[in-house]
Amino acid sequence: MTTLISTPSSAPIPPATGNPARYVSTRGNGGVCAFDEVLLRGLAPDGGLYLPQGWPTLAPELLSPNTPAGYIDLVRAVLHPFIGEALPASDINQAIDQAVGSFNHATVTPIKQIDDGLWLLELFHGPTMAFKDCAMRLMAPLASAALKKTDDHLLLITATSGDTGAAAVRAFAGADRITMVVLHPKGRVSPVQYQQMATVDAPNVLNLAVAGDFDDCQAMVKALLADNDLRDGRRVSSVNSINWGRLAGQIPYYLHACRSLGGPARFIVPTGNFGDAFAGWAAKMMGAPVAGITAAVNANDALARAINTGIYAREKAVPTASVSMDVQAPSNFERMVFEAAGRQPGAVREVFDRFTAEGTVTLPPALTGPLREELTAISIDEATTAQTMADVYRDTGEVICPHTAVGVAAAKTLPRNGAPRVVLATAHAAKFPDSVEAAIGMPPARPDAIAALDDLPEFITDIPADLAAAKREILARVT
Ligand SMILES: *Cc1c(COP(=O)(O)O)cnc(C)c1O
């Protein structure tokens, strides 16, 4: 008879220990490159996503509640090791000063208690009132610095359902050596998001309103990114959250929250493409006392099913009130699978090749074990999301956005005892007035910065959902 030795089903993933300023692809055939190349490319040439060879370790005093260091010092401490020698330190520091300076709160990303052991991490004090400002504001000047190095130009093309486009247009307006093109589905972004995009008057920005839906926009962007005519004499890329530059810029606020609380915290992250949640996991790898990460998804629950059942299957996306999270195949999940696989690209290729080919894949226990050790995931339905907005307003007077509400509802399913639960408040309620009013019975207050957009002229080009039309407009803008 053999005796079965009981081993724990899984152990935490140990932080990779290579050089944080050198990058590898999750698919294993992207070579090794530096931050500037990673930033300008977005996707690796083998179709994988870039990750640093190893996680830098933060100086423990940076996380001490007694340190005089502010948010900006945390951004510096995070970015310098990831960039290394790839860009001049003065360019990096200037980009950080400019990015952090665009926020209008003294502590940049404040935390606010709303219940026993329950906090909101407010990420909406930037120019477009959603967390995407945190990283996009860094990316623009860093990309300009990277282009200066090789005397290049960059054409960025991105599809948006609202928040990404608003943050991108405003961050990249006027950026040196860069043209920013954003495609949004006409009439299907919130009025505030529309105004934040449309009122930007900059020769290097092109807002395309596509007579179609978000999927049409995404399909057009995919084709445009592969179009050789657009590549003539310039680089072409995108600014979605597959870009490591964006994730790196989202790590500092996790550190800031842990430091503000003076110890460990559990983070609940309203999740779409899993970029923000992965940044939280990266913070943990860098030494932050992250006691847990919960990915809170809406009815588009492919990620939660993958973690909880081991079956990763693509379904048709359904529209919800938390529209920036209406994602069915979260792109950054690949990074987490790479880590769960002990950084073996072969295992990543097996999972994602099958997922691409068949739309569904069963994750082996060797992957689900470490994934469940590192993460929990929960799907919140529309009725609960609305009820949570109403409950939070009734109990605390706080008006939260539907994305944040998905996070708060998920947090309430976690045990109350334990490390503080910190929900990422990913957008300001005023960006989503209709769903907020439907839930709490009155519209959210309109901040002055939003009201001020009413009087500004709009710069929008209407096009049909047609590739040739988009290409014509873009070529006219870049030459
Ligand atoms: C983009 C977005 C999310 C989802 O973030 P991911 O990094 O894609 O998971 C959540 N909330 C808001 C308000 C957003 O704009």
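In listed order, ligands and their atoms are each counted from 1.
Contact check on D353 versus R27 returns a salt bridge, with a Lys/Arg side-chain nitrogen under 4.0 Å from an Asp/Glu carboxylate oxygen. With salt bridges taken as basic N to acidic carboxylate O contacts below 4.0 Å, none links K412 and D391. A salt bridge does not link D216 to R188: none of the charged nitrogens lies less than 4.0 Å from a carboxylate oxygen.
For ligand 1, none of its N or O atoms has an N or O atom of A427 under 3.5 Å away. An N or O contact shorter than 3.5 Å is missing between T271 and ligand 1 by distance. Below 3.5 Å of separation, one finds an N or O of G275 facing an N or O of ligand 1. Polar contact check, S241 against ligand 1: no nitrogen or oxygen pair lies under 3.5 Å apart. Backbone and side-chain nitrogen or oxygen atoms of H403 are examined, and none is located within less than 3.5 angstrom of a nitrogen or oxygen of ligand 1.
Under a 4.0 angstrom heavy-atom cut-off, A277 registers as lying outside contact with ligand 1. Contact between F278 and ligand 1 is absent, with no heavy atom of the residue lying under 4.0 Å from the ligand.
G272 N, 3.5 Å is the protein heavy atom nearest to atom 4 (C) of ligand 1. Ranking the protein heavy atoms by distance from atom 3 (C) of ligand 1 puts F131 CE2, 3.5 Å first. Of the protein's non-hydrogen atoms, the one nearest atom 2 (C) of ligand 1 is K132 NZ, 2.4 Å. When hydrogens are left out, the protein atom nearest atom 8 (O) of ligand 1 is N273 N, 2.7 Å; that is the closest non-hydrogen contact. The nearest protein atom to atom 7 (O) of ligand 1, hydrogens excluded, is given as D276 N, 2.9 Å; this is a heavy-atom distance.
Ring pair Y253/F131 is perpendicular by interplanar angle, where above 60° counts as perpendicular and below 30° as parallel. Between F82 and Y23, the ring planes are tilted. Angles from 30° to 60° get that label. Between F333 and F274, the two ring planes are perpendicular [angle over 60°; tilted spans 30° to 60°].
Here is the list of ligand 1 atoms found below 4.0 Å of a heavy atom in T426: 10 (C), 11 (N), 12 (C), 13 (C). Close approach of ligand 1 to P270 is summarised as follows: ligand atoms under 4.0 Å from at least one heavy atom of the residue are 4 (C), 10 (C).
Under 4.0 Å from ligand 1, the heavy atoms of F274 that appear belong solely to its backbone. In D163, the part holding a heavy atom less than 4.0 Å from any atom of ligand 1 is the side chain.
Side-chain polar atoms of T128 and Q196 form no donor-acceptor pair below 3.5 angstrom. No hydrogens or angles considered: a donor-acceptor pair under 3.5 Å links the side chains of Y194 and E458.
N243 is linked by a side-chain hydrogen bond (donor to acceptor under 3.5 Å, both in side chains) to nothing, counting only residues two or more places apart in sequence or in another chain.
Around atom CZ of R354, no more than 12 heavy atoms belonging to other residues, nucleotides or ligands sit under 6.0 Å away.
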